[in-house]
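In the text below, chain A, chain B and the rest are named by the order of the sequence lines, each starting its count at 1.
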Amino acid sequence: MNRYNAKTTEAKWQKIWQDKNTFVADDHADGEKYYILSMFPYPSGRLHMGHVRNYTLSDVIARYKRACGFNVLHPMGWDAFGLPAENAAMEKGVHPGCWTRDNIPAMRDQFKALGLAADWSREFATCDPDYYQHEQALFLSFFENGLVERRQSSVNWDPVDHTVLANEQVIDGKGWRSGAPVERRTLNQWFLKITDFADELLAELDHLDRWPEKVRVMQQNWIGRSEGARVFFNIVDNDRVSAERIEVYTTRPDTLFGASFCALAIDHPIAKEIAAQDNAAATFIEECQQLGTSEEAIETAEKRGFDTGLEVKHPFIEGHTLKVYLANFVLMDYGTGAIFGCPAHDQRDLDFAHKYDLPVTAVVFPDNADENFTVGTKAYTGPGTLRNSDFLDGLSVIEGIRTAIDRLTELNAGERMINYRLRDWGISRQRYWGCPIPIIHCGDCGIVPVPAADLPVVLPEDVEFDTPGNPLERHATWKHVDCPSCGKAAIRETDTFDTFVDSSWYAIRYTAPNADVPIDREAASRWMPADQYIGGVEHAVLHLLYARFFTHALHKCGYVDFKEPFKGLFTQGMVCHETYQDADGKWLSPEELIRDGDAITDRAGRPVKIGRSEKMSKSKKNTVDPASIIDTFGADTARWYMMSDSPPDRDLEWSEDGIEGAWRHTQRIWRITTERLDTLPAVHAAAPDNFGEAALELRRTVHKAIEGVTAGIEAIRFNTAVAQMYELTNALASFKGMEPDDVWAVREGLEVLAQLTGPMMPHVAEELWETLGHITPLSETSWPVADRSLTVEDTVTMAVQINGKVRTTITMPLDASKEDTEATAFADAKIRAAVHGKDIRKVIVVPNRIVNIVV
RNA sequence: GCCCCUGUGGCGGAACUGGUAGACGCGCAGGAUUCAAAAUCCUGUUCCCUUUUGGGAGUGGGAGUUCGAUUCUCCCCGGGGGCACCA
């Protein structure tokens, strides 16, 4: 039998596409543009299944849109700066640059083997000076426009490795490599003023209607706009600290009469003053600094406080004072770094009050509560009526908030304040493998931007990783430079950009990757915003919010005439696999197992524990290497499996049986085409005048498949498109007719099958198309259009229910009248028997859908 | 702790705006073909009772709205994700 050879066929078509530049985007072509983009990969050196899924998704859309006549841009490049390269440098002694630049061609080959309809002519890596020099220019432009600031911020500091740690490098409060307890340390860092755009970024979310709701909600929470008040508490008998008053931020000024203490963040300026005078306070602060910087760590840690001995005056109650604590759950970065505590109506405050024996006064009473309402161990945060609150008594929470703010304003004791959880974007990284920040520090002139003519500031290659810390700091010559302003000896900034800066504008750069300016305005307007962006949901907030901000900032600086970079967003699920552990709990890879029927053992014959399916990861050894899958089954089969079964936005379970099923399908469509080939009419043969019932039925299936697959691709529900193609394949495989009208319908069906298969399995589809006698490649052929007269049924099968239970079905002409439908239903023998002797209360007829008889 | 998502056969999943639950695939069972195997083809496959016919239950659990709920509302339970220097 004629078996399909994936290896030779895939190589053949990849060469043809490359030689013909089939997928090189034309900047000047006619036709509506369509910009489809997958999140560019980090060049780790090895393709993983997540990449296969991500790029197959965008490839299906790219090929489909192309067939539909769009002028498609589907570019490719590398997010090439970042931590893994430095880790490799330290672990293997390879230079990050060499490591990265070796990885890129290796990975490019693996991507090419997938048969992507990508425009490789626009490829770049963010570590190319050609790319990052423009990034430096954009930064300087932001600097001129007041979007850059330098200020202090706290970081996770590893005291042994002398390095800043990412949150993920902090495990149980210890550095992942050194194991030393992590400290919080304050450094001078560069910030981009994303908070200037907080309202705009929030408002624009409403217009991103082709983004997943989930991502919009996450971004909304991240921005975290809240309305409340700044309240001033004057310090009593103040001779210890320089401040006259403590400013707190609250969203609940209505609960001021329930206040029982004030608390400051441990890095609040007043806290620092106190620590300078009081050893116990200093010790307390030091202890709290052991705690991580994440919100989760702070929220779940035990609430702890330190009584400063300071007292403040209540703004509304004459003569009433509150104690001032330092507290570990107050964040300096949020609001004003100080709070007032109302234990009855905030759980954190309540836990704190119980611990330090502070009064708990309920001031908001739920609507159904009586006069004796008190708060026990659970704070009441719901709506209600204000009590025990002087001039606020009787008001609702919302009225209370407004009235309290008015009074605070009158008394000069506070004012309305809008607060954001969003903080400015700290872009300084104390690392080598990133884009140098183009700034010079001069003893006389202060901060001096590198003049545009001196760009790029190139990362030096001659660095050592044998000692801890940033190699740029101890480079012999690189950081020493003459001040561009006064000419005296000065020092370069040795921090590099957060790699999210690199990925904030790459989508725009693809539109003119060789321009000698950062952004070619005309090209950017032509292609941007990207019509569809695809990537992992793990980027829902940071990357996607930063890229949005960056684009808004570019707009403000006059670089582009749009504000939002991505019109449509799709977040794909992870690729998962079962996990295996041996008797000692050691993880085993699938290759290390021996299967004998249902029994699974390790190589020593010991039983293996099968764990639940988890995201493929090296640490759990549950990865499947795409290269070996492609080698065994071909890229088409791997792609098909990725697209079948699971909806693209959900996690996909990798299974051996599944990939074999996909392989069978690949062989099957090849077989049913080649077996039938001799019986088919010539290519482009005219349709017969009439079709018999069998041929007509086949044609209906074919045209319904066109509709179904098209809808599935449009909706990015490729699994439903796959199901439609299986049905079409089944219909073609079992069709036996040999009359002229039959074989014409078979040719039509096989051609449509090849066309519909094209986006998902492009190589076998091209081969089938060619085998069917076509000279023009499938990649140059337009998408099939369904014949409506074949997809609309003229009769419908309707269910007849009695009391909501289906008793039988009837066949009715399409759009039959209610009366006819009801009459037909009652004429049915089963229905007559079932309703016989019963009282018919009601008959519901929904045309073309259902009849329900209530007895 | 806070926020969000999710739950349908042995498994992955399908079901348009509330209208025949389980499409399609995997697996499994039986059969055909074969010296045998692989491959392929055919039949069956939600569960329970029943010989067929047929009947009953059923979309995590409980309530509600409705002629009718996988779909809408409320409560509960299970699973997953995010929470600011990984990309």
For residues A/W425 and A/D498, is any side-chain donor paired with an opposing acceptor at under 3.5 Å?
-> yes

Taking the side chain of A/R849 as heavy atoms from C-beta outward, which of B/rC16, B/rU20, B/rC86 is closest to it?
-> B/rC16

Classify the ring geometry between A/H51 and A/Y55 as parallel (under 30°), tilted (30 to 60°) or perpendicular (over 60°).
-> tilted

Distance in angstrom units between A/K303 NZ and B/rC2 P, rounded = 10 Å

For A/Q189, which of A/R150, A/Q430, A/E149 qualifies under side chain to side chain donor-acceptor pair (under 3.5 Å)?
-> A/Q430

Looking at every strand, decide which applies to A/R664 at a 4.0 Å heavy-atom threshold: base, sugar-phosphate, or nothing.
-> sugar-phosphate

Would you call the rings of A/W670 and A/Y4 parallel, tilted or perpendicular, where under 30° means parallel and over 60° means perpendicular?
-> tilted

With heavy atoms under 4.0 Å as the rule, sort A/E660 into base, sugar-phosphate or nothing.
-> nothing

So what does A/Q801 touch, heavy atoms closer than 4.0 Å: a base, only the sugar-phosphate, or nothing?
-> base

Relative to its sugar, using the 90° cut-off around 0, the base of B/rG58 is anti

Looking only at atom P, what distance separates B/rG18 and B/rU52, rounded to whole Å?
-> 39 Å

Between B/rG27, B/rG13, B/rA84, which one does the side chain of A/N719 approach most closely?
-> B/rG13

First encountered from the 5' end of RNA chain B, between A/D651 and A/I844 | A/D651

Look at A/R431 and B/rC86 and indicate whether a side-chain polar atom (N or O) is within less than 4.0 Å of OP1 or OP2.
-> no

Pairwise C1' distance, B/rC72 and B/rG22 [rounded to whole Å] | 22 Å

Kindly determine whether A/Y132 and A/F81 satisfy ring-ring contact (aromatic ring centres under 6.0 Å, His included), including the steps that lead there.
-> CA-CA 10 Å; A/Y132 70 67; A/F81 276 135; 5.7 Å; yes

If you measure only the distance, is there a donor-acceptor pair under 3.5 Å linking the side chains of A/N419 and A/S226?
-> no

Nearest listed nucleotide, side chain of A/R671, among B/rU40, B/rA14, B/rC24 | B/rU40

Rounded to whole angstroms, how far apart are CD on A/E656 and P on B/rG12?
-> 18 Å

Nearest-Å distance once atom P is located in both B/rU43 and B/rC24 = 12 Å

From the options B/rA84, B/rA87, B/rU20, select the nucleotide whose nearest atom is closest to the side chain of A/V806.
-> B/rU20

Using both distances under 3.5 Å as the test, list the Watson-Crick or G-U wobble partner of B/rC67, or none.
-> B/rG19

Looking at every strand, decide which applies to A/W425 at a 4.0 Å heavy-atom threshold: base, sugar-phosphate, or nothing.
-> nothing

What is the distance from CD1 of A/I850 to C1' of B/rU66, rounded to the nearest Å?
-> 13 Å

Gap between atoms CZ and P, on A/R421 and B/rC83 respectively (whole Å) | 10 Å

Can you figure out which of B/rA87, B/rC3, B/rC26 approaches the side chain of A/L83 most closely?
-> B/rA87

Could you work out which one of B/rG13, B/rG55, B/rU20 sits closest to the side chain of A/T797?
-> B/rU20

Side-chain contact check for A/T809: nearest option of B/rG19, B/rG56, B/rU20 is B/rU20

Between B/rC4 atom P and A/I223 atom CD1, what is the distance in whole Å?
-> 16 Å

Could you tell me which nucleotide pairs with B/rG1 by Watson-Crick or G-U wobble geometry, both distances under 3.5 Å, or answer none if nothing does?
-> B/rC83

If the P atom of B/rG62 is compared with that of B/rA69, how far apart are they to the nearest Å?
-> 15 Å

Would you indicate what A/R216 reaches in the nucleic acid, counting non-hydrogen atoms under 4.0 angstrom: base, sugar-phosphate, or nothing?
-> nothing

Name the closest nucleotide to the A/K842 side chain, picking from B/rC67, B/rU20, B/rA15.
-> B/rC67

For the base of B/rC67, is there a side-chain donor-acceptor partner from A/N852 under 3.5 Å away?
-> yes

Out of B/rC4, B/rA14, B/rA87, whichever nucleotide has its closest atom nearest the side chain of A/T499 = B/rA87

To the nearest angstrom, the CG-P distance between A/D351 and B/rC2 comes to 11 Å

Using both distances under 3.5 Å as the test, list the Watson-Crick or G-U wobble partner of B/rA29, or none.
-> B/rU43

In whole Å, what separates the P atom of B/rG27 from that of B/rC74?
-> 42 Å

Atom CG of A/N730 and atom P of B/rA23: how far apart are they, to the nearest Å?
-> 13 Å

When the C1' atoms of B/rA87 and B/rG13 are considered, how many whole Å apart are they?
-> 31 Å

On a whole-Å scale, what distance lies between the P atoms belonging to B/rG10 and B/rC47?
-> 7 Å

Parallel, tilted or perpendicular: which describes the rings of A/Y506 and A/F40, with under 30° parallel and over 60° perpendicular?
-> parallel

Within the structure shown, what part of the strands sits under 4.0 Å from A/V854 by heavy-atom distance: base, sugar-phosphate, or nothing?
-> sugar-phosphate

Between B/rG61 and B/rG78, how far apart are the C1' atoms? Round to whole Å, please.
-> 10 Å

B/rA87 P sits how many Å from A/F500 CZ, rounded?
-> 6 Å

Closest of B/rA87, B/rC4, B/rA23 to the A/E727 side chain is B/rA23

For A/H354 and A/D351, indicate whether the former's side chain and the latter's backbone hold a donor-acceptor pair under 3.5 Å.
-> no

Identify whether any heavy atom of A/R650 sits under 4.0 Å from a base atom; if not, whether one sits that close to sugar-phosphate; answer base, sugar-phosphate or nothing.
-> sugar-phosphate

